[in-house]
Amino acid sequence: MTDNVIKLAAFSDGEQGGNPAGVWIGSTLPEAAAMQQLAAEVGFSETVFAAAIPGGWYVRYFSPESEIGFCGHATIALGAALAQQYGDGVFAITLHMSGAHITVEGQQQGKLTNAALQSPPTRSKAADPALVAEALALFGYSADDLDPRIPPAIAHGGVDHLALALRSREALRAMHYELDQGRNFMQRAGLTTIVLAYAETAQLFHTRNPFASGGVYEDPATGASTAALAGYLRDIEWPHGGAIDIVQGEDMGIRCLLHAQIPPERGASIRLSGSVRPITE
């Protein structure tokens, strides 16, 4: 089945960088166990599976170790794959785990494809102090490393993320943790990822995204957490001016660029966009 997987890098920096995703497109989805096995064989942080349904596509996401409710970079990759197969357009998607209805679009631009998605609705709440303390200990941070302008929060944009804003770029660059310890913590807390963010300006952020819950130490570009973070910034009335840009993956040597448009309505969907490049082996 791996021969049927399209391999693309989402949120690329032109023809470089981007987060690899597997894309499987068919008339009906395989059994869950088969999808899980295939995702493990592909080895990317996520593989997306899409089956045609009336008026759109029914979608499931698998990491190498578990099924995920929503994955932004794999959705962006799916938009590019659909545009390549069916022509430029907007494609309706139904998410398996939540039943949410979203859209993804793709427009081919030479070797690259520009893709954008509309996230599920967003929401946020203050993070429990005990949870924050455990997360700081996991990474070897202290409370003094946090940016007081952006308090720790549980941010949701399809799935839950713990958002921790750091005071300095150096603290972000120094991120490290034990994978097994992180997996236990995130699964126990019901977190899909932890998004660590540094605000260079009000509209330019650098982020890193541990994804231990899915067996991945770090994801180089994470659309779901970016949507959640953008929604949270709106909730706290951060001066985003209607959009933020995210640079992610630099500290992994895989520079990725994400753009989030933030409408003013609280809880409204976030529009995420970026470039997609083919992965040639």
Side-chain angles (χ1 to χ4, degrees), residues 8-13 17-23 39 44-50 57 59-63 66-83 90-98 100-106 113-124 155-163 191-197 205 207-211 213-214 216 218-234 243-249 254 256-262 268-277:
L8 300 167
F11 298 118
S12 66
D13 180 9
N19 192 2
V23 180
F44 295 155
S45 58
E46 278 95 6
T47 296
V48 57
F49 296 82
W57 298 87
V59 170
R60 298 178 73 169
Y61 308 89
F62 286 82
S63 79
S66 61
E67 183 169 8
I68 306 300
F70 173 62
C71 174
H73 90 273
T75 303
I76 288 289
L78 174 61
L82 291 173
V90 179
F91 307 93
I93 290 175
T94 299
L95 304 182
H96 169 73
M97 290 185 71
S98 67
H101 301 284
I102 65 171
T103 60
V104 66
E105 59 191 84
T113 304
N114 294 327
L117 66 82
Q118 290 293 151
S119 77
T122 65
R123 62 178 183 267
S124 65
H156 183 92
V159 289
D160 282 346
H161 310 265
L162 174 61
L191 301 171
T192 298
T193 78
I194 298 172
V195 54
L196 302 172
F205 284 75
T207 64
R208 300 186 73 171
N209 207 251
F211 181 35
S213 65
V216 177
E218 180 178 5
D219 233 358
T222 320
S225 70
T226 297
L229 175 63
Y232 173 50
L233 293 174
R234 174 178 55 202
I244 59 171
D245 288 298
I246 299 281
V247 179
Q248 192 178 337
I254 309 171
C256 302
L257 303 176
L258 304 85
H259 182 71
Q261 293 174 254
I262 309 172
S269 170
I270 302 297
R271 178 180 171 85
L272 292 177
S273 58
S275 295
V276 182
R277 66 174 181 85

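Position 1 is the first residue of the sequence; numbering continues from there.
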Here the gap from C256 atom SG to N209 atom CG, rounded to the nearest 0.5 Å, amounts to 11.0 Å
Is there side-chain contact between I270 and I262, with heavy atoms separated by less than 4.5 Å? yes
Rounded to the nearest 0.5 angstrom, the CG-OG distance for L257 and S273 is 10.5 Å
Exercise. Run the numbers on T207 and S225 for side-chain contact (heavy atoms from CB on, under 4.5 Å), then give the verdict.
Key: CA-CA 10 Å; T207 64; S225 70; 6.0 Å; no
Between E46 and A74 the two heavy atoms that sit nearest each other are CB-CB, 4.3 Å
Counting C-beta onward and ignoring hydrogens, is there a side-chain heavy-atom pair between I244 and L233 closer than 4.5 Å?
yes
With sequence neighbours left out, the residues meeting side-chain hydrogen bond (donor to acceptor under 3.5 Å, both in side chains) with T94 are H101
- Can you list the steps and then say if N114 with S275 is a side-chain contact (heavy atoms from CB on, under 4.5 Å)? CA-CA 5 Å; N114 294 327; S275 295; 3.5 Å; yes
Go through L229 and I246 one step at a time and tell me if the side-chain contact (heavy atoms from CB on, under 4.5 Å) criterion holds. CA-CA 10 Å; L229 175 63; I246 299 281; 4.2 Å; yes
Query raised in the report: Any side-chain donor paired with an acceptor under 3.5 Å for H161 and T193?
Result: yes
The single option from L78, V104, T75, L117 that satisfies side chain to side chain contact (heavy atoms under 4.5 Å, CB included) with F91 is V104
One should read off an interatomic distance between L82 CG and I93 CD1, to the nearest 0.5 angstrom, of 7.0 Å
What one should report as the nearest heavy-atom pair of F205 and A197 is CD2-CB, 4.2 Å
Heavy-atom nearest pair, V159 first then A224, reads CG2-CB, 4.4 Å
The side-chain hydrogen bond (donor to acceptor under 3.5 Å, both in side chains) partners of T122 (sequence neighbours excluded) come to R234
Heavy-atom closest pair (S124 atom, Y232 atom, distance to 0.1 Å) is OG-CD1, 3.4 Å
So CG of L196 and CD of E218: to nearest 0.5 Å the spacing works out to 8.5 Å
Heavy-atom nearest pair, S63 first then A39, reads O-CB, 3.6 Å
Heavy atoms of P120 and A100 approach each other most closely as CB-CB, 4.5 Å
Discussion item. Taking the side chain as everything from C-beta on, heavy atoms only, tell me whether F11 gets closer than 4.5 Å to T226.
Written reply: no
- Show your reasoning for whether side chain to side chain donor-acceptor pair (under 3.5 Å) applies to T103 and Q118. CA-CA 6 Å; T103 60; Q118 290 293 151; 5.6 Å; no
Between the CD atom in Q261 and the CZ atom in R271, the distance rounded to the nearest 0.5 Å is 5.5 Å
Side chain to side chain contact (heavy atoms under 4.5 Å, CB included) test vs H73 passes for just one of L258, D219, L8, namely D219
Do S269 side-chain atoms and S119 backbone N/O form a donor-acceptor pair below 3.5 Å?
yes
Point to revise | Check against side-chain contact (heavy atoms from CB on, under 4.5 Å), F211 and I68 | key: CA-CA 11 Å; F211 181 35; I68 306 300; 3.6 Å; yes
Output for pair (E67 CD, Y61 OH), nearest 0.5 Å, gives 10.5 Å
